[in-house]
Amino acid sequence: AVTDTSLSFSFTALPAGKYNIIINVKGGVGNAQSSLGQLSSNMEVSAISPSSGSIHGGQTIKITGGGFSGNIEDTEVAIGATNCTVLSVSPGEITCTTSACSEGCGDMVVTSNGVSKTSSVPFNYQDSSSPTVTSASGAASTLTIVGTSFGSNPSVSLSGSECTVTSSTATQVTCTIPGIAGGNYPVIVHNPDLGNSNNDVLLTIDLLLTSSTPSTGSYGGGTLLTLAGKGFSSDDTRNVTVCDLPCDVQSSTTTEITCISPSNPDSGSTLSCDVAVVQASGSVTLSAAFTYDASITPAITAASPLRGGTGGGTLVTITGTGFAISGNKVSIAGSVCDIATEKPTEITCYTNYHNGAIEAPIIVDVPGQGYARHSDLAQSTFYYIDRWSSKWTWGGLGVPLANEMIVITEGQTILLDVDTPVLRFLLINGGTLMFDKDAPSIELQSEYILVAGGGKLQIGSEEEPYENKALITMHGNVRCTEMPVFGCKVIGIREGSLDIHGKYIPVTWTHLAQTANAGDTTITLKQ
């Protein structure tokens, strides 16, 4: 109500704090002079609904009052030593879900925007307001639960998985068991009016492995196994092993798993293996379920060439035994090698693009048998590498010429397999240049070399020292233009690495064992 000398007004709940009272007179008059000061909003809890619930938690309650911030991020509700998980907040209302606590749990304390208030209105945990599960029994896919205080619209969970309710009364619930992994699951009934039931009644889901087919395959692996059973987990933490070696899972449901058998190094004519499923809820084994058989194992004896560019197009010839007349599949590090010709003892194929340099075994998948075994892995391992001598490394425009600036960028790995002309500038900026370990002699020539941005210039490695002749020759003169910081005729390293490992020489110097005179053709050393 408004008069010339007074007015009264109401306002919605405000976050706790002080607020200026401003009276604006309409009609263009403006704000009135005021000595009213500030309006204070204090945090208060006026009601809690419902005011009691299950000792097992899970009850959603509504806290009515004022002075709350309106933000979930700075609002907390505690009942005794337990938290009530906040779901929503407005200046006048908070909803939250209770945690488990015993009767007489303690006072409710609301904290919002740094202000805390102990409620004068209690929330009571009551055993008499708690749903109770006394028994649970499963038959096929139906679970029957008996207890008390289930209410008119209960829901059922099994360790987070919903058991869809098909019928219910206050004392009995039936639900459809979801497809879950084998193990023991607490049966929890949730009554929306009261909260959760006890969680000490368990449902046991059996973990069974009844069959694995086919029963035989190649020592090279690659056989697609189908495992049938019950209670399999679909989580990534579930593993399948054959002779304790990992079987690469392709698909998984609660009743079926498919996986690709691993290779096995055993040299016997046959090897009988256990197949096992291992998961967080338990493990199960099928004894002697798969046999590696040498008589049906294809073999790769050699391949040539063993190097090719990452752009693909290299014709690889694979020799061996047991290949199919047709239908063979070849891959290298996940990239398909397109079949050109095939017969039982030889396959030729063209490599495809591969993202980045990698050294990987050639995989031949023979239809109906699995992967071919490698007679000598070193003779059938292909190296995807961009060679300096290939024009395709340089976009098909030809190899680097004298006085050119050459840049090797991030993601590139180039094999220096020939001598270079005298380059003007070699910048290895994030990429890698490595000397060919199989070349008898390699010379790199340049006026400037800069390795930067995580780049690498590599001659051998600690594990595999370079035992052939490697030369780096820097060119220039006294009037050359100096590269800032580094100068002329220089290998500069800036956030990169120069890695040189040569053949180990046990004796680097020694003494003469006897005098060597002018004209002698031999000398005698102490070492």
Side-chain angles (χ1 to χ4, degrees), residues 49-62 79 82-85 87 95-105 123-210 229-235 237-238 252-256 277 279-284:
S49 177
S51 59
S52 63
S54 171
I55 61 173
H56 306 295
Q59 170 71 334
T60 299
I61 60 175
K62 185 179 296 183
I79 305 174
T82 68
N83 290 324
C84 190
T85 304
L87 304 177
T95 59
C96 64
T97 302
T98 62
S99 300
C101 197
S102 60
E103 290 187 343
C105 186
F123 176 83
N124 298 310
Y125 282 97
Q126 294 180 342
D127 188 59
S128 60
S129 297
S130 304
T132 302
V133 173
T134 56
S135 67
S137 58
S141 61
T142 298
L143 176 64
T144 301
I145 306 164
V146 176
T148 59
S149 302
F150 293 157
S152 59
N153 188 29
S155 60
V156 179
S157 65
L158 305 171
S159 292
S161 297
E162 181 183 3
C163 189
T164 304
V165 174
T166 55
S167 66
S168 69
T169 66
T171 58
Q172 181 171 298
V173 176
T174 60
C175 61
T176 302
I177 301 171
I180 51 179
N184 294 318
Y185 293 85
V187 178
I188 298 176
V189 176
H190 177 75
N191 179 340
D193 298 323
L194 298 177
N196 293 335
S197 70
N198 51 308
N199 62 358
D200 54 356
V201 176
L202 303 178
L203 171 67
T204 299
I205 301 294
D206 293 329
L207 174 59
L208 300 174
L209 176 56
T210 56
K230 179 183 177 183
F232 300 146
S233 171
S234 58
D235 294 340
T237 54
R238 172 259 310 111
S252 179
T253 67
T254 56
T255 58
E256 183 180 278
V277 176
Q279 55 194 42
S281 60
S283 62
V284 62

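The model shown is predicted, which means the values in this text are computed figures rather than measured ones. The residues of the chain are indexed from 1 along the displayed sequence.
Defined by atom type and a distance below 3.5 Å, a donor-acceptor pair is present between the side-chain atoms of Thr174 and Ser167.
A donor-acceptor distance shorter than 3.5 angstrom exists from the side chain of Ser252 to the backbone of Ser233, with no hydrogens or angles considered. Without hydrogens or angle criteria, Thr98 side chain to Gln59 main chain gives a donor-acceptor distance under 3.5 Å. A donor-acceptor contact shorter than 3.5 Å links the side chain of Ser130 to the backbone of Ile55. Side-chain atoms of Thr164 do not come within 3.5 Å of backbone N or O of Thr176 as any donor-acceptor pair.
Checked against Val156 for a side chain to side chain contact (heavy atoms under 4.5 Å, CB included), the options Leu203, Val133, Ile188, Val189 give a single hit: Val189.
Taking CD from Glu162 and CD1 from Ile177, the interatomic distance works out to 13.5 Å, rounded to the nearest 0.5 Å. Rounding to the nearest 0.5 Å places SG of Cys101 at 8.0 Å from CD1 of Ile79. Here the CG-OG1 distance, from Leu207 to Thr254, works out to 11.0 Å after rounding to the nearest 0.5 Å. Interatomic distance, Ser54 OG to Tyr125 OH, rounded to the nearest 0.5 Å: 9.0 Å. Of the inter-residue distances, the one linking Phe232 atom CZ with Gln279 atom CD reads 8.0 Å to the nearest 0.5 angstrom. Note: Ser137 OG to Leu143 CG = 7.0 Å, rounded to the nearest 0.5 Å.
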(request) Dump the intermediate steps for side-chain contact (heavy atoms from CB on, under 4.5 Å) on Asn199 and His56, then the final yes or no. (result) CA-CA 8 Å; Asn199 62 358; His56 306 295; 6.0 Å; no
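Within the structure, side-chain hydrogen bond (donor to acceptor under 3.5 Å, both in side chains) pairs that include any residue of residues 179-198 comprise Asn184-Thr204, His190-Asn196, Asn198-Asp200 (at least two apart or interchain). Among residue pairs with one or both ends in residues 135-167, those qualifying as disulfide (SG to SG under 2.5 Å) are Cys163-Cys175; sequence neighbours excluded. Sorted by first and then second residue, the side-chain hydrogen bond (donor to acceptor under 3.5 Å, both in side chains) pairs involving residues 145-159 (not counting sequence neighbours) form an empty list.
Minimum interatomic distance between Pro154 and Phe150 (heavy atoms only, all atoms of both residues): CB-O, 3.4 Å. In plain terms, the two heavy atoms of Thr82 and Ser99 that are nearest each other are CB-CB, 4.1 Å. The heavy-atom pair separating Leu158 from Pro178 by the smallest distance is CD1-CD, 4.0 Å. Taking each heavy atom of Val187 and Ile145 in turn, the nearest pair found is CG1-CD1, 3.6 Å.
Between Ser135 and Val201 there is no side-chain heavy-atom pair separated by less than 4.5 Å.
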